[in-house]
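Written below as structure tokens is the structure these notes are about.
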Amino acid sequence: MTRFWSPIVHTLSPYIPGEQPKQDGIVKLNTNENPYAPSPRVTAAIAAASERLRLYPDPGATRLREVIAKRYGVAAEQVFVGNGSDEVLAHTFQALLKHDAPLLFPDITYSFYPVYAGLYDIRYEEVPLDAAMRIEIADYQRPCSAILLPNPNAPTGIALTRAEIAALLAKHPDQLVVIDEAYIDFGGESAVPLVARHDNLLVVQTMSKSRALAGLRVGFAIGQRPLIEALERVKDSFNSYPLGCLAQAGAIAAIEDEAWFAETRARIIASREALVASLDGLGFEVLPSAANFVFARHPRHRGADLFARLRERGVLVRHFRKPRIEDFLRITIGTDEQCGRLIEVLRGLN
Ligand SMILES: *Cc1c(COP(=O)(O)O)cnc(C)c1O
């Protein structure tokens, strides 16, 4: 019975996450998780923190914000943390992106953005990617209240340079620019160094991908004080304790283990380059990726067919039934062995 629903609930079209299969033995390359375990220091820190489970966690996540601030060369007051960057983004939509003029984001991008816009009743316009599936900065030169871009973009994997982001900021001094850097650590240039000079820039990052903590749910935003304060006001009107003590302890340990981060990230980048070469060899067109996934299509095979064939043989990738990209597969970079399995199945095609 839906008669007890608030009216808005009838209008929502919720986000559909990638499948999390229950059976073992699946080569899971569909949700951009890290193929490596998080730093062993994370598990140790979580075990130690479990002695404090009886108590409420620090509502301000002070130590975590300090550690992130130090790592990124900003002040702790310029850092906001949340329960996954999805929550940070949700608060951003509510706190900073609801205005009379529309919010702009690409037509092919993270599919959660239109969902948040629906939830918070925010006007938006989609700006088409160009013919090469790139974000064209000049196309954002139109009336708007704010611009939201993932960098690198998802699901294309294509990155803008920091100079392009700086140019966008220079052209929009009176609009907020939000850069969602979920995949920045795999080859892009972060916009964080631009925060000091631009009061209209908010950079959002996650520990889910490059730090292998998708299950812990920790994301953060970096920006000048008034932007962070808006996020804090929404957070403290919603949930004072979005991050439990285990999440705070684990995230601190992950940021502090720079060597583990550097090594696993380098391995993923090396595997990506090898996978791109193999896909090239099989005749795929692969977009230039700066992320931990590639977006690829084959001139002679439909995306849906490739997806189904891989799935039958236990290899799960992501396929979007959407105009312009329905023949592409988004393939997460796994270990060399997992990527090898994918290539083996694709080699069997003719
Ligand atoms: C994965 C992803 C996120 C969300 O990550 P969390 O796990 O919620 O931190 C945000 N934006 C983009 C573009 C993503 O791909």
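For ligands, and for the atoms within them, numbers begin at 1 and follow the listed sequence. Everything numeric here is computed off the predicted structure, so don't read it as measured data.
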Should the proximity of Lys209 to ligand 1, defined as any heavy atom under 4.0 Å, be assigned to the side chain, the backbone, both, or neither?
side chain
For ligand 1, is any non-hydrogen atom under 4.0 Å from Asp86's backbone (N, CA, C, O), its side chain (CB onward), both, or neither?
both
Looking only at protein heavy atoms, which one is nearest to [atom], and what is the separation?
atom	answer
atom 8 (O) of ligand 1	Arg217 NH2, 2.7 Å
atom 5 (O) of ligand 1	Ser85 OG, 3.1 Å
atom 11 (N) of ligand 1	Asp180 OD2, 2.7 Å

Is it true that Phe93 and Tyr124 have ring centroids separated by less than 6.0 Å?
no
I'd like to check Phe284 versus Leu306 (side-chain heavy atoms, cut-off strictly below 4.5 Å). Are they in contact?
yes
Parallel, tilted or perpendicular: rings of Tyr120 and Tyr116 (30°, 60°)
parallel
Anything under 30° is parallel, anything over 60° is perpendicular, the rest tilted; go ahead and classify Phe293 against Tyr183.
perpendicular
Arg302 atom CZ: more than 12 heavy-atom contacts under 6.0 Å
no
Does CZ belonging to Arg321 count more than 12 external heavy atoms closer than 6.0 Å?
no
Report yes or no: does Ala182 have a heavy atom closer than 4.0 Å to ligand 1?
yes
Per-atom contacts of ligand 1 with [X], taking only distances under 4.0 Å to non-hydrogen atoms:
X	result
Thr206	5 (O), 6 (P), 7 (O), 9 (O)
Tyr183	1 (C), 14 (C), 15 (O)
Gly84	8 (O), 9 (O)

ring-ring contact (aromatic ring centres under 6.0 Å, His included) evaluation trace for His172 with Tyr140
CA-CA 9 Å; His172 298 271; Tyr140 288 76; 7.8 Å; no
Any N or O of Ser208 closer than 3.5 Å to N or O of ligand 1:
yes
